[in-house]
2 protein chains.
Amino acid sequence: MSSCDTCVVRNRAICSGLNDGEIGALNTLGRRRNVVAGEPLIWEDDDSLLVANVIEGVLKLTTSTEDGREQIVGVAYPSDFIGRPFGQTSSASVVALTDARVCVFSRNDFDRFAREHPGLEHKLLERTLAELDRTRSWMMLLGRKNASEKIATFLLEMSERLAESGCAPVLGPAKRFTLPFSRQQVADVLGLTIETVSRQFTKLKNDGVVELPTRRDVEIVDRPALVAMAG
Amino acid sequence: MSSCDTCVVRNRAICSGLNDGEIGALNTLGRRRNVVAGEPLIWEDDDSLLVANVIEGVLKLTTSTEDGREQIVGVAYPSDFIGRPFGQTSSASVVALTDARVCVFSRNDFDRFAREHPGLEHKLLERTLAELDRTRSWMMLLGRKNASEKIATFLLEMSERLAESGCAPVLGPAKRFTLPFSRQQVADVLGLTIETVSRQFTKLKNDGVVELPTRRDVEIVDRPALVAMAG
DNA sequence: CGGGTGCTTGACAGCTCTCAACTAGAGTGG
DNA sequence: CCACTCTAGTTGAGAGCTGTCAAGCACCCG
């Protein structure tokens, strides 16, 4: 009995293209690993030794300048694939934002297996193309949107991404959700400072667009306003 | 005799994974097309009807907001692949910056052919992963760098990308090159305004870091200074 | 030579960053 | 249970960078 049989992302992750025999073979290469919030999984510019599927939790992908500025370049949710197959080094660090569970493979093992299983490579390709689309739309945000547009866009994306990861059938975007980000991390996603993020959150609250019951919880009160602000 | 036989990017584009028979089959699906500078090839949010390989020239990938702000999210050089296979719509418009020659396929034809030829999909996967890496490092630039860092990074990247596309063995980055971008387009790449770009160029010239013999030509005089500025 | 486009330069405003002080909340130990 | 500490977040004042608006310049083309 392989652990993949009970995997909650079995039908959503790139593994979904594999039959039972293939899953069994892949299972012998991978292993489960728990990562606590704040713990790194992959280092930027490291020899990229491992790749992984996210089973549970949220992780951030970041790049940094030498002088310590950080930019979050991606966020991985359950069923997402992380790491850099077919390349020598990773271009981003991966750090858990929440306690997370991942299914890790050595890069070499994964590369070899993938080359022998076109169905897996195809799933990975579709996922990578979708991620590239998302990343490009984020470039628009970083390059051309002002602070309030960035915050509005961010909250709308969060309400969608966090709704998807639930097991229940998708009922549209979540009205209320818990951010997996600190204020600083929100700033690192949006290319802003923590103070600007804080001020924008306060403004949205004062304007009655959102409620912020705790530091991490968000309730969208006036979604149309948020959509209008997102630009 | 297929036109692929004489294709200058035959050994660099995703086609390089195919044998002669496969190339012949692919050749029957595609056709050459010339695009003049300024002419669009793919519209954003359009039903993505075609994909293509760039043979010659440079094209921009852009996304826009409703109110007309534009962000260049990618640049395609010879041997690069453009378009969005395995998806309904394209997330970016593609417009030629210079006169260009491309090898176009209907998306459906290409999708079908790719699924039957894992070697091609693998090449496309490697290319997409590399493009994602590049895009992510550009996010760092957009989110966290100031105007002079952006300009310096841009010029260094240009000197590398434009050197690669030549036929001669790569001799390292070009010292002198012709920008395929207008000032406005440079601004659209970097998330700046045309005025800020112009001022930064003037400053680099006055500081003796670059020379600007014409509007489009750049000669890097003091590369170390540029590297130091890039952050 | 004149017109047009693209680029440069200047003056100024405004947004976001920086620096600093303060507050709220979570965790700890008495 | 409460005081204490520590961190995360908020708020304020001011500066600086980049954007905006406007004018002028330079190059390309007929």
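So you know, we letter chains A, B, ... as the sequences are listed, proteins then strands, and number each from 1. It should be emphasised that the depicted structure is a prediction, and the values quoted were computed from it without experimental measurement.
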How many Å lie between [atom1] on [X] and [atom2] on [N], as a whole number?
X: Leu212(B); N: dA26(D); atom1: CG; atom2: P; value: 15 Å
X: Asn146(B); N: dG16(D); atom1: CG; atom2: C1'; value: 11 Å
X: Lys145(A); N: dG19(D); atom1: NZ; atom2: P; value: 17 Å
X: Arg216(A); N: dT10(D); atom1: CZ; atom2: P; value: 11 Å
X: Arg199(A); N: dC17(C); atom1: CZ; atom2: P; value: 9 Å
X: Gln200(A); N: dC17(C); atom1: CD; atom2: C1'; value: 13 Å
X: Ile194(B); N: dT8(C); atom1: CD1; atom2: P; value: 8 Å
X: Leu204(B); N: dT8(C); atom1: CG; atom2: P; value: 12 Å

Side-chain contact check for Thr202(B): nearest option of dT18(D), dT9(C), dC17(C) is dT9(C)
5'-most contact on DNA chain D (nearest-nucleotide basis), Gly143(A) vs Phe181(A), goes to Phe181(A)
Closest non-hydrogen contact found for Leu142(A) with Met139(B) is CD1-O, 3.7 Å
Any salt bridge between [X] and [Y], counting N to O under 4.0 Å?
X: Arg33(B); Y: Glu39(B); answer: yes
X: Arg12(A); Y: Asp80(A); answer: no
X: Glu131(B); Y: Arg136(A); answer: yes
X: Lys205(A); Y: Glu211(A); answer: no
X: Lys60(B); Y: Glu70(B); answer: yes
X: Asp188(B); Y: Arg69(B); answer: no

Taking five pairs at each terminus, the helix from dC1(C)-dG30(D) to dG30(C)-dC1(D) shows an axis bend, to 10°, of 30°
Report all interatomic pairs (protein N or O, nucleotide N or O of nucleotides 20-27 of chain C) with separations under 3.5 Å.
residue : atom : partner   : partner atom : Å
dA24(C) : N3   : Arg215(A) : NH2          : 3.4

Test side-chain contact (heavy atoms from CB on, under 4.5 Å), reference Thr178(B), set Thr214(B), Asp217(B), Thr98(B), output is Asp217(B)
Exactly one of Ile72(A), Val95(A), Ile82(A) clears side-chain contact (heavy atoms from CB on, under 4.5 Å) with Leu61(A), and that residue is Ile82(A)
Assign each of Phe201(B) and Thr196(A) the nucleotide of DNA chain C bearing its closest heavy atom; nearer the 5' end lies the nucleotide of Phe201(B)
* Would you classify Ser198(B) as touching base, sugar-phosphate or nothing, given that sugar-phosphate means primed atoms plus P, OP1 and OP2, and contacts are heavy atoms under 4.0 Å? => base
